[in-house]
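Here's the structure we're looking at; comments come further down.
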Amino acid sequence: MTEQSGQTPTLDNLSTESRVFAPTDEFSAAANVGAAAYEQGADDREAFWAEQAERLSWDTRWERVLDWDDAPFAKWFVGGKLNVAANCVDRHVEAGLGDRVAIHWVGEPGDSRTITYADLLREVSKTANALAELGLEPGDRVAIQMPMIPEAIYSMLACARLGLVHSVVFGGFSSTALRSRIDDAQAKLLITSDGQYRRGAPAPMKDNTDEATAHTPSIEHVLVVRRTGGEVGWTEGRDLWWHDLVDRQSETHAAQAFDAEHPLFILYTSGTTGNPKGILHTSGGYLTQASYTHHAVFDLKPETDVYWCTADIGWITGHSYIVYGPLSNGVTQVVYEGTPNTPHEGRHWEIIQEHQVSIYYTAPTLIRTFMKWGADIPAGYDLSSLRVLGSVGEPINPEAWIWYRENIGANRTPIVDTWWQTETGAIMISPLPGVTHTKPGSAQQPLPGISAKVVDDQGVEVAKGGGGYLVLDQPWPSMLRGIWGDDERYRDTYWSRFTDLGFYFAGDGAKYDADGDIWLLGRVDDVMNVSGHRISTTEVESALVSHPTVAEAAVVGASDPTTGQGIVAFVILRGSAKPDDSTVKTLRDHVATEIGPIAKPRQVLIVNELPKTRSGKIMRRLLRDVAENRAIGDTTTLADSAVMDLISSGLKSAPSED
């Protein structure tokens with residue numbers, strides 16, 4: 001399946017993938033977007049995006065599509081005015097769709113709510129009236145730390161309705177992380193809940209937010225949703241129950257139009273300095289691209305589809321592909337509060353079966369977890385309603401892609417493997433399900449109207465078969481408008497690597513295959529230098545996962561006196577596989593066969609878990625610390641800090657191979 005290929009100056013391309021899956025004629029004939037869109041987007045990008053903006057409702061039409069005069073600070077749809085929340089809610093009710101279900105909400109303990117667009121309009125209006133009563137004005141910032149409950153979505157949309165700038169903080173983040181984000185944005189209001197359900201049990205949340213707000217003088221009020229009914233501390237005059245404030249409000253609210261460049265939200269990402277970066281997104285361009293890409297990439301038919309994105313609203317995927325993109329398109333969607341193995345490991349398939357989910361968008365790390373649990377679990381459910389599968393968050397290993405297609409998609413559903421970032425706001429590179437002949441593990445081509453390329457150190461595009469840096473060489477509507485309060489950091493972080501060429505570069509390596517399709521290779525920070533070969537962690541991990549006993553793998557480069565760096569692999573086996581004395585040798589030899597002897601791991605450690613952030617991304621930095629015998633660094637963002645102790649003790653007893 002894979003073969004060794006030559007070296008390029010920037011990044012070695014060591015593997016190729018020959019499996020290709022074409023869309024069915026039936027799917028292509030009914031697809032929302034056809035092949036002609038690529039040519040349309042390339043011929044006149046601004047006209048193309050103006051046409052997509054027409055899918056929204058504008059109170060005032062724009063005078064100019066793009067102002068790039070002050071690059072790298074973009075303005076899209078200059079002079080246009082709209083209300084983002086009205087585009088996501090009001091216009092559907094006005095079109096006679098008030099009875100359409102917007103959200104099938106599923107609580108972790110088994111409770112549920114069915115929310116129509118009329119219900120959503122009523123609840124968002126009441127929430128907006130409540131926030132206005134607190135004296136908040138357009139441009140004020142609101143911090144939100146909540147579980148995946150409907151009130152979180154009401155809160156985001158109410159902020160958008162009033163021109164307030166929301167900053168959603170993932171519910172699993174610490175009080176320190178919350179405090180730093182409140183301080184940076186100078187938020188006046190925090191919206192939270194008394195607690196949340198995690199793995200079948202109630203857990204406190206307001207205790208955490210109280211620790212944060214003890215040191216945030218900008219916070220004037222804390223609005224609290226009662227979710228678990230647990231005891232909470234209370235600060236009179238500051239703290240307010242949601243049911244006391246919101247429930248008594250008027251059910252109508254007149255939405256006001258805001259400038260297309262009015263700030264919509266700040267979303268913080270971890271910075272290399274340890275100081276979180278507040279990524280700023282604005283209204284018109286962001287909603288245009290989030291809405292269009294949701295319509296195009298998932299082939300959404302709002303009259304018949306039931307959509308489910310498994311992300312949390314604390315991440316950009318939840319913003320763009322649970323709240324703003326889907327609701328602007330009049331979607332019916334599932335929102336699930338809990339974890340995928342509560343109360344059992346078939347929970348997701350049970351929900352798909354019950355709600356007849358037709359579009360399912362999840363992360364490779366979860367797909368690999370399902371692989372580890374075993375294919376017999378989804379096989380016990382009726383998943384025949386599914387017609388499109390999606391992947392987001394990191395490059396997906398080809399074998400995980402194949403497992404997803406065969407076991408979840410019945411070997412018939414197209415898979416859209418999407419590349420984008422918090423900073424890009426919306427999907428940038430992805431197959432179109434009715435057009436693309438998909439390849440397992442490849443994001444393939446920039447979407448219509450998007451320009452991306454793979455370049456070498458000098459910014460010159462590499463040839464087919466070559467690897468290098470993934471850059472965006474033209475502005476796009478949903479691009480970040482800066483880092484909150486720090487224009488210089490924005491320029492330095494994203495635009496300094498190729499300043500003279502005006503390329504955006506945020507740290508991802510990629511390669512072209514022989515057809516010119518794009519394969520993401522992970523962060524360039526994760527590239528390993530073995531005997532002068534620059535080897536991507538993604539390719540070695542994919543080779544390991546292609547072995548039938550392996551569910552998930554993470555590799556890092558560790559100092560080696562002979563080769564510069566040696567490859568150290570951490571491997572989780574599939575549920576049915578049992579390690580024996582030959583397992584390590586088998587896996588090392590498998591990598592050598594798949595992509596060449598140069599990529600053969602120096603050490604392989606079989607582990608039960610890998611260190612992951614709460615969003616599911618593997619923390620290779622900590623694995624490098626272990627492999628280098630260094631003190632393990634900051635583990636505060638780990639989902640399970642005990643994992644590192646087990647890995648450290650295991651590696652010390654694992655032999656190195658010749």
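Just so you know, these numbers come straight off a predicted model, no measurement behind them.
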Original post:
Quick one: CD on Glu594 to NZ on Lys600, what's the gap to the nearest 0.5 Å?
Top reply: 14.0 Å
Subject >> Member of Lys439, Gln444, Lys464 meeting the side chain to side chain donor-acceptor pair (under 3.5 Å) criterion with Asp513 >> reply: Lys439
Original post:
If we ignore angles and hydrogens, is there a donor and acceptor under 3.5 Å between the side chains of Thr282 and Glu261?
Top reply: yes
Original post:
Quick check, are the ring centers of Trp495 and Phe505 under 6.0 angstrom apart?
Top reply: no
Subject >> OG-CG distance between Ser559 and Asn629, expressed to the nearest 0.5 angstrom >> reply: 10.0 Å
Original post:
Tyr469 ring centre to Arg497 NZ or CZ under 6.0 Å, with the angle to the axis within 45°?
Top reply: yes
Subject >> Closest non-hydrogen atom pair, Leu520 against Leu470 >> reply: CD1-CD2, 3.8 Å
**OP:** State, to 0.1 Å, how close Pro326 and Ser320 come at their nearest heavy-atom pair, and which atoms those are.
**Re:** CD-O, 3.3 Å
Subject >> Tyr504 side chain to Thr424 side chain, donor-acceptor N/O pair below 3.5 angstrom >> reply: no
Original post:
For Tyr360 and Thr310, does a side-chain donor sit closer than 3.5 Å to a side-chain acceptor?
Top reply: no
Subject >> Verdict with reasoning, Ile427 to Trp419, per side chain to side chain contact (heavy atoms under 4.5 Å, CB included) >> reply: CA-CA 6 Å; Ile427 298 169; Trp419 177 84; over 6 Å; no
Original post:
Using the benzene-type ring in the case of Trp, are the ring centres of Tyr292 and Phe48 under 6.0 Å apart?
Top reply: yes
Original post:
Taking the six-membered ring where the residue is Trp, are the ring centres of Trp484 and Tyr490 under 6.0 Å apart?
Top reply: no
**OP:** Tell me whether the centres of the aromatic rings in Phe21 and His437 are closer together than 6.0 Å.
**Re:** no
Subject >> Chi angles and distances behind the salt bridge (Lys or Arg N to Asp or Glu O under 4.0 Å) call for Asp508, Arg523 >> reply: CA-CA 4 Å; Asp508 281 334; Arg523 307 288 296 173; 3.7 Å; yes
Subject >> Pair Ile518-Gln445, side chain to side chain contact (heavy atoms under 4.5 Å, CB included): steps then yes or no >> reply: CA-CA 6 Å; Ile518 294 172; Gln445 291 290 321; 5.6 Å; no
Subject >> Nearest atoms (heavy-atom pairs only) where Val168 meets Gly314 >> reply: CG1-CA, 3.8 Å
**OP:** Determine whether the side chains of Tyr268 and Asp184 contain a donor N or O and an acceptor N or O closer than 3.5 Å.
**Re:** yes
